[in-house]
4 protein chains.
Amino acid sequence: MSDAGQVESLVTDPKLVEERRAQILKAATKLFSKQGFYRTTIQAVAKEAGISTGLIYQYFHDKDDVLFLTLINVLEAYEREIPKALDGISDPLEQLVRAFCAYCRIVDSLLDATVLAYRSTKSLPADRQDVIKARETATNQLLENCLAASAQAGLVRPVNTHLLVYQLVNFCHAWALKQWALRRRYDLDEYINQGVQILIEPFLSKTGASVLERLRNEGVVPGGR
Amino acid sequence: MSDAGQVESLVTDPKLVEERRAQILKAATKLFSKQGFYRTTIQAVAKEAGISTGLIYQYFHDKDDVLFLTLINVLEAYEREIPKALDGISDPLEQLVRAFCAYCRIVDSLLDATVLAYRSTKSLPADRQDVIKARETATNQLLENCLAASAQAGLVRPVNTHLLVYQLVNFCHAWALKQWALRRRYDLDEYINQGVQILIEPFLSKTGASVLERLRNEGVVPGGR
Amino acid sequence: MSDAGQVESLVTDPKLVEERRAQILKAATKLFSKQGFYRTTIQAVAKEAGISTGLIYQYFHDKDDVLFLTLINVLEAYEREIPKALDGISDPLEQLVRAFCAYCRIVDSLLDATVLAYRSTKSLPADRQDVIKARETATNQLLENCLAASAQAGLVRPVNTHLLVYQLVNFCHAWALKQWALRRRYDLDEYINQGVQILIEPFLSKTGASVLERLRNEGVVPGGR
Amino acid sequence: MSDAGQVESLVTDPKLVEERRAQILKAATKLFSKQGFYRTTIQAVAKEAGISTGLIYQYFHDKDDVLFLTLINVLEAYEREIPKALDGISDPLEQLVRAFCAYCRIVDSLLDATVLAYRSTKSLPADRQDVIKARETATNQLLENCLAASAQAGLVRPVNTHLLVYQLVNFCHAWALKQWALRRRYDLDEYINQGVQILIEPFLSKTGASVLERLRNEGVVPGGR
DNA sequence: GATGAATGAGCTTTCATTCAT
DNA sequence: AATGAATGAAAGCTCATTCAT
């Protein structure tokens with residue numbers, strides 16, 4: 001991989017860099033999400049962040065750079081939060097279910113940012129797009145590992161794990177992308193429950209089904225008895 | 001519905017309007033898809049269409065208008081092509097399967113335009129977005145009707161038809177949105193086949209399963225024996 | 001003088017030229033007066049006149065030409081109407097008074113066009129402006145002749161006839177230019193009456209005063225007994 | 001009054017705003033006066049002012065705004081200079097005469113700008129026009145007060161003060177509007193002298209006449225012995 | 001003679017980026 | 001490090017004028 005993943009800053013103090021970037025990206029995420037990348041000016045981001053325009057160029061090379069890091073930020077939230085949900089869980093199917101639920105909840109907490117990631121990736125130069133795609137693939141891989149292990153363990157019947165994971169992920173993203181259609185018919189718990197019913201339950205073996213039953217009873221999957 | 005669906009032209013001859021708009025939209029679709037809406041200038045669209053800049057403004061009110069009609073064009077292709085695939089078919093499950101296959105193939109033939117529709121709807125003013133959403137919902141409804149009828153006829157087991165249709169549609173769209181990941185692992189037929197296996201087959205009753213078997217043998221669903 | 005006063009037409013039939021030009025100028029006067037020269041498009045003039053854009057260019061060389069003839073039209077109305085008011089009148093002071101009254105009434109009937117003449121002359125090329133100025137001077141000369149003859153005849157005391165005529169003319173024009181301030185305080189008759197009191201009466205000799213008295217009684221000057 | 005009189009600037013430092021606006025308006029007044037508002041481009045104003053195009057938009061909202069402030073500037077010059085001429089003068093007729101002379105001299109020093117104000121007010125939106133008119137009325141009021149006080153004091157015979165003031169003001173403006181006709185026949189002092197003779201002297205009482213005689217001798221009114 | 005679609009130069013306005021302070 | 005005024009290229013859009021029909 002090239003250095004497309006790196007963003008240079010003119011400022012040397014690493015702590016300050018961290019802090020300022022967070023401040024700028026927070027503002028950028030808000031505005032990009034609301035108005036889109038092209039309708040948002042750097043001046044507006046600076047104002048929202050409470051700093052001067054010029055300062056942004058001390059921490060980012062150009063406007064594309066701000067978008068790039070904004071998107072990376074969203075993807076990193078996924079990569080950070082999902083493993084947390086799996087921590088200490090050994091059963092691969094339980095991991096899968098927990099990861100799926102966690103994913104849905106992260107999307108719900110980053111609704112606008114998730115939409116932004118979908119709409120704006122293509123606004124980046126090709127090498128930057130590749131970095132984003134790689135990150136996305138990495139997140140998918142987390143789920144795929146759980147699913148593959150579940151199949152291996154006989155909890156899930158043979159299935160195209162790759163595409164099923166795509167469907168699971170799509171289902172999570174749809175909560176953000178189609179909010180206008182979904183949020184007036186379901187609340188988040190119902191939505192998650194339905195996702196499990198449509199995209200996981202049909203593929204479970206008997207053993208798998210009993211694991212899911214347990215998770216329902218434990219309240220891991222909402223909407224169970 | 002408001003008049004947000006109408007686009008005025010200064011030119012009176014309806015035949016000419018039809019022709020010129022098609023010419024301009026073809027160029028716009030190509031460029032918007034490739035470079036995005038904001039990176040594409042009206043000058044570039046005019047050049048691609050082989051006409052002068054000013055002429056575009058005789059057929060469209062402004063640049064947003066060009067985008068709007070470009071997107072409507074894509075959605076109309078869906079609304080036009082899918083019913084064709086159902087023509088003369090009476091079995092509701094067969095209709096569903098054929099509609100799904102047709103949808104995938106339309107997406108494949110409009111790859112870039114489909115991506116454009118996903119990315120750029122949010123660039124429109126709110127009332128225009130609503131028109132787009134309504135069109136999208138109408139297309140989904142075509143599928144949902146088939147699925148509901150299949151359930152009624154005992155071909156499909158009870159399931160949340162609304163969300164399952166969303167998943168089917170998403171699966172079709174993903175072929176365009178995630179081309180970078182999918183096209184190097186599957187060809188279109190394999191992809192369709194997998195979609196049927198993941199999103200239709202698990203929900204079939206015995207009778208439904210036999211219908212699907214027939215459709216596989218007839219080659220309606222690719223990848224059957 | 002150059003040929004700045006001439007406007008060429010591509011059409012040969014003189015009667016048709018006359019007719020079409022009148023049609024176009026009527027539309028132009030209306031729109032130029034309402035919206036100003038630069039805010040009025042040739043397309044709009046054509047539409048208002050009920051003809052095609054191209055046709056205007058068969059009767060006028062360019063847009064400036066349309067303005068020029070529009071202004072000439074207004075000035076010609078002055079040159080045509082004022083002499084009419086003097087017809088058959090021999091007393092020079094009576095001529096002056098009648099001319100002044102007539103001028104005010106013409107301005108009142110051409111309110112918008114008069115404003116246009118004031119605002120837009122400067123939009124013309126220099127040689128065209130000279131033609132307009134010459135016409136304006138010619139109209140003033142009509143009044144100046146009356147005033148000079150009145151002085152000669154001992155009806156008016158010695159005064160700078162040139163500047164007094166300017167004031168008389170200005171007074172007439174002000175009715176159009178300052179309509180917003182004047183029309184809510186005076187009606188046209190009061191206004192004319194006041195003009196006579198301020199700009200004519202103070203300069204009359206005894207004999208002159210008796211002439212004016214007669215004109216008041218005869219109702220030539222409004223607001224008299 | 002609405003906020004139509006306000007013009008926003010993006011720049012915060014008030015001193016700089018003052019300075020830059022003056023710089024821009026100076027250039028704009030020059031060019032608008034010479035070529036008219038519509039024939040003058042913002043690019044040209046920027047070049048004349050020695051700055052970049054973009055900078056103009058940091059100090060004015062749009063081109064109309066530049067025109068508006070240009071016109072306000074002219075009117076403010078009147079409102080500022082005329083009272084100066086009256087400072088320390090108690091006799092109301094002397095005030096009137098001095099104000100009239102001052103007005104003529106201001107017009108002479110702002111020849112082109114005065115013409116601009118006449119031609120271009122109508123190019124503004126209605127609410128802006130109202131602001132201009134109100135300013136103009138305010139200036140007239142200065143003169144009207146003097147004239148009314150003179151009448152009260154028995155220096156001037158009964159007369160329609162409102163319309164006589166209009167004539168006085170028109171006389172001043174005519175020096176700019178009809179320069180082409182007037183400047184080759186009179187110099188400014190002669191013109192002022194004639195104005196006094198035509199528009200003030202005829203209306204004076206005996207006492208008033210002696211005041212004017214004094215002002216002539218003192219050289220306040222030019223052209224006296 | 002008449003039409004009106006087509007042209008394209010030229011305008012206003014925006015905004016990413018720079019740089020003197 | 002931080003500011004924010006200044007830049008100027010580039011974009012959308014208009015409209016006087018032309019010309020094939």
Side-chain angles (χ1 to χ4, degrees), chain A residues 9-13 16-17 20 38-47 51-66, chain B residues 9-13 16-17 19-20 38-47 50-66, chain C residues 9-13 16-17 20 38-47 50-66, chain D residues 9-13 16-17 19-20 38-47 50-64 66:
Chain A
S9 166
L10 299 174
V11 177
T12 50
D13 176 6
L16 186 55
V17 171
R20 285 291 194 203
Y38 285 101
R39 294 208 199 275
T40 304
T41 68
I42 284 290
Q43 274 89 349
V45 173
K47 195 171 179 185
I51 58 172
S52 68
T53 359
L55 197 56
I56 291 183
Y57 287 85
Q58 305 249 4
Y59 294 94
F60 297 90
H61 179 253
D62 57 18
K63 196 188 173 191
D64 279 348
D65 234 31
V66 179
Chain B
S9 166
L10 298 175
V11 175
T12 50
D13 178 8
L16 186 57
V17 171
E19 196 178 301
R20 285 289 193 206
Y38 287 101
R39 292 209 199 275
T40 304
T41 69
I42 284 289
Q43 305 273 355
V45 174
K47 193 171 180 186
I51 58 174
S52 66
T53 19
L55 196 58
I56 292 182
Y57 289 88
Q58 304 242 15
Y59 294 94
F60 298 90
H61 179 255
D62 58 17
K63 197 187 173 193
D64 278 348
D65 237 29
V66 179
Chain C
S9 166
L10 298 174
V11 177
T12 50
D13 177 6
L16 186 55
V17 171
R20 285 290 194 204
Y38 286 100
R39 293 207 200 276
T40 303
T41 67
I42 284 290
Q43 274 90 349
V45 174
K47 194 171 180 184
I51 58 172
S52 68
T53 359
L55 196 56
I56 292 182
Y57 287 86
Q58 305 250 2
Y59 294 94
F60 297 89
H61 179 253
D62 57 18
K63 196 187 173 191
D64 279 349
D65 234 30
V66 179
Chain D
S9 166
L10 297 175
V11 175
T12 50
D13 177 8
L16 186 57
V17 171
E19 196 178 302
R20 284 291 194 205
Y38 286 102
R39 292 208 199 275
T40 304
T41 68
I42 284 289
Q43 305 273 355
V45 174
K47 194 171 179 183
I51 58 174
S52 66
T53 20
L55 196 57
I56 292 183
Y57 289 88
Q58 304 243 15
Y59 295 94
F60 298 90
H61 179 254
D62 57 16
K63 197 187 173 193
D64 279 348
V66 179

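Each chain gets a letter, A, B and so on, in the order its sequence line appears, and its residues count up from 1.
- Atom P of nucleotide F:dA1 and atom CD1 of A:I51 are separated by 14 Å, given to the nearest angstrom.
- Taking NZ of D:K63 as the start and CD1 of D:I56 as the end, the distance is 10.5 Å to the nearest 0.5 Å.
- Contacts of B:F60 with the nucleic acid, taken as non-hydrogen atoms under 4.0 Å apart, are absent.
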- Message: I need a per-nucleotide contact map over nucleotides 16-21 of chain E, read 5' to 3'. Cutoff is protein heavy atoms under 4.0 Å; write B for the base, S for backbone only, - otherwise.
- Response: BBB---
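- You'll find the side chain of D:V11 stays beyond 4.5 Å of the side chain of D:R20, heavy atoms only.
- Residue B:E19 contributes atom CD, which lies 13 Å from atom P of E:dA5 at whole-angstrom precision.
- A distance of 5.5 Å separates OG1 in A:T53 from CD in A:Q43, rounded to the nearest 0.5 Å.
- Between E:dA2, F:dT7, E:dA6, one nucleotide has an atom nearer to the side chain of C:Y59 than all others, and that is E:dA2.
- As judged by a 4.0 angstrom heavy-atom cut-off over every strand, A:R20 is placed among residues touching the sugar-phosphate backbone only.
- Contacts of C:S9 with the nucleic acid, taken as non-hydrogen atoms under 4.0 Å apart, are absent.
- For the pair B:D13 CG and E:dA5 P, the computed distance is 8 Å after rounding to whole Å.
- Atom-to-atom, NZ of C:K47 to P of E:dT3 comes out at 15 Å; the value is rounded to the nearest Å.
- If you check F:dA20 for Watson-Crick or wobble pairing at under 3.5 angstrom, you find it paired to E:dT3.
- Nucleotide F:dG12 holds its C1' atom 18 Å from the CZ atom of B:R39, rounded to whole Å.
- E:dC15: Watson-Crick or G-U partner is F:dG8, with both key distances under 3.5 Å.
- Considering OG of D:S52 and NZ of D:K47, their distance stands at 14.0 Å, rounded to 0.5 Å.
- One finds the CD1 atom of A:I42 at 11.5 Å from the CG atom of A:L55 (value rounded to the nearest 0.5 Å).
- Counting non-hydrogen atoms under 4.0 angstrom, B:I56 reaches nothing in the nucleic acid.
- Between C:S52 and the phosphate of E:dG4, there is no side-chain N or O to OP1/OP2 separation shorter than 4.0 Å.
- Counting only distance, with no hydrogens or angles, the side chain of C:S9 and the backbone of C:F60 share no donor-acceptor pair below 3.5 Å.
- Counting heavy atoms from C-beta on, the side chains of C:Y59 and C:L16 come closer than 4.5 Å.
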